Amino acid sequence: MRLVIVGAGFAGMYAALSAARLREIQGVSPEQLEIALVAPEPTLVVRPRLYERKPETLTAPLLDVLEAIDVSYVQGIAETVDTKSSMVKIATVKGTKKTLSYDRLVVTTGSRLFRPNIPGLAKHGFSVDSLEDAITLDKHLHGLAKRPARNGRDTVVVAGGGFTGIEAATEMPARLREILGTSARPRVIIVERNTSIAPDMGAGPRPIIEEALGKLGVEARLGAGVASLDKSGVTLSSGEHIETETVIWAAGIRAAPLTTQIPAERDSFGRLLVDRCLQVTGVQGVFAAGDAARAACDDEGNYALMSCQHATRMGAFAGNNAAAELLGLATRPYHQKTYVTCLDLGEAGALFTRGWERNVEMVGDVAKKTKREINTVWIYPPRAERAAALASADPERVTDL
Ligand SMILES: Cc1cc2nc3c(=O)[nH]c(=O)nc-3n(C[C@H](O)[C@H](O)[C@H](O)COP(=O)(O)OP(=O)(O)OC[C@H]3O[C@@H](n4cnc5c(N)ncnc54)[C@H](O)[C@@H]3O)c2cc1C
């Protein structure tokens, strides 16, 4: 029997750990139940940190952990999935193709930035969405130091005032000063279509975010969108033109394209609709988790967001359930009661909220300490030691904050 997991992000990592954990508990050998993980690289890209300096360092190796738990790694990109014949076609890095049959499949292919068809965006826009994009932005920022300080060189425009936009924007003043020298006067502007900053955060935490932006001198243009980009800068829907060499697009993500290969319903983000045990609705033998799935967290109408917090726990349930079906065991309904947010606010600290209504629990340096711990310890893979790694993947305990 073979369980195939596609994607080595937060959901895929925990799907592999959790499936291997159940296999071990049941005393089943890797020969009887093979668990294979397909991904272009055997590394975890620590996406939540990609707005930071030195983005090239923001990955963690996975091969040693996978080896420790007897999960085989298949290098490549899954191009097609045939759910009738239960086959995944994979393009390898060498340019060859191979097929892998599965008895159960877990789709954990995550998400990617959605770039709308705005004139100049593809050519002039930067992002912090993928490792490659973050490295390109970092090289560009370092390149600015060699150019004359005119034509908006020291201005960064961040399109999108949601979580990612705010984290990228609040990090930028310090990053620019580090690169351009302490005498530089960086100007950072967030452009947000909605009439308030952090539209999803709600009224409670917003004053803290606004205060932080004020403290850092980050400006906001609200109720305006990006209309076009060119080499002189960005023009907003309000008609304002901002001179800049750096526009960071942080306005919207979609599920990665592999989800279109599964003959099932998807939401407006491209996420596969799944049942309570994370099986794709109406597709026997296929599970989905993380940013690739739209899953109910509880019976109160809350749905998992595209976040690490949800991806890790969903991954643990999906891996467990896919293995459980193959081992003739009962599956477990995914549930995630606790919901917290921890928003980095650069040199102005951080903001920690609890609950779907986002009650502010910590701000400033105290919240920043928690953010650092989340971003440097909690979201990293467990150490490559079999017992500890397997123990870390009990679905009932993963991301139980
Ligand atoms: C700048 C930034 C800041 C963020 N901040 C936070 C935060 O503070 N808190 C938080 O909870 N979340 C945050 N997020 C969101 C979080 O990173 C995502 O929700 C999380 O990465 C989702 O995990 P995942 O495993 O579903 O997908 P991903 O982490 O996207 O991993 C997907 C994996 O699938 C692989 N893959 C994709 N397609 C294929 C294919 N066809 N074949 C094989 N492999 C494939 C990819 O290579 C990757 O290994 C942030 C994201 C960004 C970009």
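When a residue number appears, it is its place in the shown sequence, counting from 1. Whatever order the structure lists ligands and atoms in, that order sets their numbers, starting from 1. Predicted, not measured: the structure shown is a model, and the values here were computed from it.
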Please could you name the atoms of ligand 1 that [X] approaches to less than 4.0 Å, counting only its heavy atoms?
X: Val38; result: 43 (C), 44 (N)
X: Ser111; result: 30 (O)
X: Gly290; result: 26 (O)
X: Ala11; result: 25 (O)
X: Thr108; result: 32 (C), 33 (C), 34 (O)
X: Pro40; result: 43 (C), 44 (N), 47 (O)
X: Val128; result: 1 (C), 53 (C)

Assess, by modelled atom type and distance only, whether the side chains of [X] and [Y] contain a donor and an acceptor separated by less than 3.5 Å.
X: Thr312; Y: Thr399; answer: yes
X: Gln32; Y: Ser29; answer: yes
X: Ser111; Y: Arg47; answer: yes
X: His124; Y: Glu245; answer: no
X: Asn359; Y: Glu357; answer: yes
X: His241; Y: Ser232; answer: yes
X: Asp267; Y: Tyr303; answer: no
X: Tyr339; Y: Arg358; answer: yes
X: Ser127; Y: Asp129; answer: no
X: Ser85; Y: Asp82; answer: yes
X: Glu192; Y: Asn194; answer: yes

CD (Glu265) with more than 12 external heavy atoms under 6.0 Å: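 No, because the 6.0 Å sphere around CD of Glu265 holds 12 heavy atoms or fewer from other groups.
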Check against side chain to side chain contact (heavy atoms under 4.5 Å, CB included), Ile379 and Val46: CA-CA 8 Å; Ile379 62 175; Val46 189; 3.6 Å; yes
[X], portion touching ligand 1 at heavy-atom distance under 4.0 Å:
X: Thr164; answer: side chain
X: Ala311; answer: side chain
X: Leu343; answer: neither
X: Ala168; answer: neither
X: Val6; answer: side chain

Within 45° cone and under 6.0 Å: Arg254 NZ/CZ vs Phe114 ring: yes
Tell me, which protein residue and heavy-atom name are nearest [atom], and how many Å apart are they?
atom: atom 18 (C) of ligand 1; value: Asp291 OD2, 3.3 Å
atom: atom 45 (C) of ligand 1; value: Thr109 CG2, 3.9 Å
atom: atom 27 (O) of ligand 1; value: Gly110 CA, 3.1 Å
atom: atom 3 (C) of ligand 1; value: Pro48 CA, 3.5 Å
atom: atom 49 (O) of ligand 1; value: Ala8 N, 3.1 Å
atom: atom 34 (O) of ligand 1; value: Gly7 CA, 3.2 Å
atom: atom 31 (O) of ligand 1; value: Gly9 CA, 3.3 Å

Ion pair Asp275/Arg294, N-O distance below 4.0 Å: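 Here Asp275 does not pair with Arg294 in a salt bridge, since their nearest N and O are not under 4.0 Å apart.
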Test: Lys123 and Asp230 ion pair at under 4.0 Å: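 Salt bridge: no.
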Would [X] count as a polar contact of ligand 1, with the cut-off being nitrogen or oxygen pairs under 3.5 Å?
X: Cys308; result: yes
X: Ala39; result: no
X: Ala292; result: no
X: Lys371; result: yes
X: Ala78; result: yes
X: Tyr51; result: no

Per-atom contact, atom 40 (C) of ligand 1, protein heavy atoms, under 4.0 angstrom: yes
4.0 Å protein heavy-atom contact status of atom 9 (N) of ligand 1, strictly under: no
Full working for side chain to side chain contact (heavy atoms under 4.5 Å, CB included) between Glu34 and Ser72: CA-CA 8 Å; Glu34 182 192 349; Ser72 38; 3.2 Å; yes
Identity of the nearest option to atom 15 (C) of ligand 1, non-hydrogen atoms only, from Gln309, Arg49, Met306, Gln75: Met306
Among Arg47, His310, Gln261, Glu171, closest by any non-hydrogen atom to atom 28 (P) of ligand 1: Arg47
